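This report concerns only the one structure given below.
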Amino acid sequence: MTSPPPPPPRAPLRVLIVEDSIADTDLMLRALGQAGFEPSHERVESADAMRAALVRQPWDVVLSDYTMPGFDAPAALAVLQAHGSDAPFIVVSGSVGEDTAVAAMRAGATDYIMKDRLQRLAPAVARAVADAGVRRERRRLEQQLFQAQKMDAVGRLAGGIAHDFNNVLTAILGAVELGLLDAPQPGPLREELEIIRDAATRAQDLIRRLLAFSARQVLQPTVLDLNHLVSDIAKMLRRLIGEDVELVLAPDAVLGAVRADAGQLEHVLVNLAVNARDAMPQGGRLTISTTNVELSGGNSSPVPEGPPGAYVRLAVTDSGVGMDADTRAHLFEPFFTTKPRGKGTGLGLATVYGIVRQSGGHIAVDTAPGRGSAFHIYLPRVAEAPEPAGSARAVVAPAPGRETVLLAEDEQLVRLLARKILEQAGYTVLVAAGGAEALQLATQHAGPIDLLVTDVVMPEMSGRELVHRLAEQRPQTRVLYMSGYADEAIERHGVLDPGTAFIQKPFTPAGLARKVREVLDEK
């Protein structure tokens with residue numbers, strides 16, 4: 001004999017009941033229970049008691065008698081609306097007339113039920129709760145879309161100004177460093193040049209942070225073991241956060257690999273550590289942990305926008321002051337900061353957001369006033385084995401050269417600077433203000449042209465087109481691209497393919513000379 005199937009699970013329901021009659025409350029709960037709900041409830045009969053109940057926890061539905069001594073349904077509805085709750089509000093009364101019920105609905109009530117027809121209560125509650133869920137999901141998606149559009153707008157602005165900004169910085173940094181080579185040491189002139197260099201370097205860092213936030217910087221991803229990365233940077237973080245903050249590492253012994261830019265993830269950890277330190281002025285604990293996780297996707301996921309799959313979670317948790325809901329809502333917006341004026345740029349967490357997003361990951365924040373903050377970063381897990389870390393390259397002066405370089409750059413300041421850098425390094429330099437002029441010089445030049453250094457985006461003819469046309473007459477000429485644009489604009493011109501030589505503006509004289517030498521010496 002087969003046993004009967006188990007009863008279906010009962011649906012939990014949090015019910016706030018505004019009612020002065022305990023007997024009527026029991027009848028409503030019984031009607032909900034008989035319909036398959038498992039209600040947990042609280043009964044209130046005054047405005048103050050209702051406000052306190054709304055603060056204690058969220059409610060799935062509010063059931064209210066229309067008339068009570070000292071309180072009524074319209075007043076209860078006003079309390080609910082003032083609190084900002086979107087819980088459905090259903091009037092359950094034995095004396096309400098049709099006109100009164102219509103007025104309540106116009107004021108914002110979801111439905112009304114007569115007490116002598118409680119068989120309608122459960123279906124009305126089920127419908128109202130389901131409709132509220134749909135509205136919440138729609139609002140969540142609208143807020144997510146609005147946030148994405150806002151972030152994208154700022155990102156496009158950052159990407160748009162990056163080109164001109166980086167051209168100017170290239171000229172400033174390059175000219176200053178060339179000046180420092182000739183300036184007497186020490187002396188007033190050298191001090192002034194160093195001030196200019198420091199200011200330009202800060203400006204360079206700001207534009208890089210904006211590009212990182214907008215997910216438009218040029219990344220160099222490799223397959224990484226996050227445990228090794230965290231362990232390597234831990235010593236620096238301990239110096240950064242100070243002796244009064246305890247740094248705890250909690251790595252997963254069988255952690256999967258991720259594909260990301262190691263330098264940018266280190267930047268993420270530094271930013272989060274600095275924020276955590278500032279949130280613990282009296283000291284505390286900073287914990288960095290790693291673990292393998294599976295995301296299910298949807299509302300049950302800690303990052304609903306993330307597709308389901310295998311991830312590695314990197315968590316940075318502090319025991320600091322925490323953040324309220326309003327601060328959390330603006331956390332990743334550029335230039336938003338809670339620090340005193342002059343103490344922060346407001347780009348730290350915006351940069352973290354952009355790096356994580358550009359790495360194909362997602363970030364979630366768990367925080368509340370008085371209980372610290374936890375930043376959970378989810379990066380897609382990959383099957384490949386982590387690549388071995390290369391040994392650090394010794395810093396040496398760039399080797400001079402005697403080859404011939406064709407330089408194509410439409411920005412005059414950068415063109416003059418690059419020519420001076422290369423000529424001082426010993427190269428013969430043919431200088432063109434654009435692609436057409438570069439092709440004309442290549443046709444007229446009798447000797448070999450060993451290297452083409454070209455800007456990616458130029459009027460009339462792009463760097464990519466120049467390379468193709470030059471290859472028809474000089475197929476042995478090597479190519480080095482340069483650009484101040486963000487990676488999105490560069491990628492449209494097809495120069496981010498593997499093996500393509502590229503240098504990002506702004507660059508220093510040593511950086512350009514070293515890169516030129518690397519490309520020429522490449523076998």
Side-chain angles (χ1 to χ4, degrees), residues 55-58 209 213 225-253 255 258 264-293 295 301-304 306 311-357 359 361-379:
V55 169
R56 272 192 290 275
Q57 67 167 321
R209 288 189 182 197
F213 154 73
D225 180 343
L226 287 184
N227 285 344
H228 288 165
L229 184 141
V230 172
S231 177
D232 288 345
I233 201 175
K235 185 175 181 180
M236 186 189 76
L237 293 181
R238 284 190 173 94
R239 293 196 303 268
L240 191 66
I241 61 180
E243 296 180 356
D244 58 346
V245 176
E246 178 188 8
L247 178 62
V248 178
L249 304 184
D252 187 333
L255 193 68
V258 300
Q264 294 302 319
L265 286 187
E266 289 176 354
H267 195 51
V268 166
L269 286 171
V270 168
N271 269 306
L272 293 179
V274 168
N275 274 9
R277 178 199 64 193
D278 294 344
M280 299 181 286
Q282 307 303 320
R285 173 178 291 185
L286 174 63
T287 304
I288 302 177
S289 62
T290 58
T291 187
N292 296 320
V293 296
L295 294 184
S301 173
V303 280
Y311 289 79
V312 171
R313 182 178 66 200
L314 173 65
V316 180
T317 307
D318 66 65
S319 59
V321 296
M323 293 172 278
D324 58 25
D326 184 61
T327 300
R328 180 177 174 178
H330 300 282
L331 202 56
F332 298 116
E333 295 179 7
F335 308 115
F336 174 81
T337 180
T338 59
K339 295 178 182 178
R341 193 177 190 87
K343 295 293 184 181
T345 62
L347 286 174
L349 289 177
T351 300
V352 168
Y353 172 88
I355 292 172
V356 172
R357 188 168 61 125
S359 302
H362 307 275
I363 186 167
V365 184
D366 180 17
T367 185
R371 64 177 184 87
S373 302
F375 289 81
H376 298 284
I377 296 169
Y378 297 87
L379 297 172

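Excluded from the calculations below are hydrogen atoms, water molecules and symmetry mates; all remaining heavy atoms, backbone and side chain alike, are included. Note that the structure is predicted; figures quoted are calculated from it, not measured.
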Q: Would you mind reporting whether L237 and I288 have side-chain heavy atoms less than 4.5 Å apart?
A: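 Yes. Closest side-chain heavy atoms under 4.5 Å.
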Q | Heavy-atom side-chain proximity of M236 to V270 below 4.5 angstrom | A |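 Answer yes - side chains close enough.
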May I have the list of side-chain donor-acceptor pairs in residues 311-321 shorter than 3.5 Å, sequence neighbours left out?
{"from": "Y311", "atom 1": "OH", "to": "P307", "atom 2": "O", "distance (Å)": "2.7"}
{"from": "D318", "atom 1": "OD1", "to": "G320", "atom 2": "N", "distance (Å)": "2.8"}
{"from": "D318", "atom 1": "OD1", "to": "S373", "atom 2": "N", "distance (Å)": "3.3"}
{"from": "S319", "atom 1": "OG", "to": "R285", "atom 2": "N", "distance (Å)": "2.9"}

Taking all non-hydrogen atoms of both residues, which atom of [X] and which atom of [Y] are closest, and how far apart?
X	Y	answer
A234	L249	CB-CD1, 3.8 Å
P302	A364	O-CB, 3.7 Å
V245	M280	CG1-CE, 3.6 Å
I241	A273	CG2-O, 3.9 Å

Q | Donor-acceptor contact present, side-chain R277 to main-chain G242, <3.5 Å | A | no
Q: Indicate yes or no for a side-chain donor-acceptor contact from S289 to the backbone of P251 under 3.5 Å, with no hydrogens or angles considered.
A: no
Q) What residues, two or more places apart in sequence or in another chain, satisfy salt bridge (charged side-chain N to carboxylate O under 4.0 Å, His left out) together with R56? A) E42
Q. Going through the distances and angles, do L379 and L265 end up as a side-chain contact (heavy atoms from CB on, under 4.5 Å)?
A. CA-CA 11 Å; L379 297 172; L265 286 187; 4.0 Å; yes
In Å, rounded to the nearest 0.5 Å, how long is the span from [atom1] of [X] to [atom2] of [Y]?
X	Y	atom1	atom2	value
H228	I233	NE2	CD1	15.0 Å
I355	I363	CD1	CD1	10.0 Å
L247	R239	CG	CZ	12.0 Å
H362	I377	NE2	CD1	12.5 Å
N271	E266	CG	CD	12.5 Å

Quick one: list whatever passes side-chain contact (heavy atoms from CB on, under 4.5 Å) with [X], sequence neighbours left out.
X	result
D252	V254, L255, T290, T291, N292
Q282	none
A368	R371

Q | E243, CD: over 12 other non-hydrogen atoms inside 6.0 angstrom | A | no
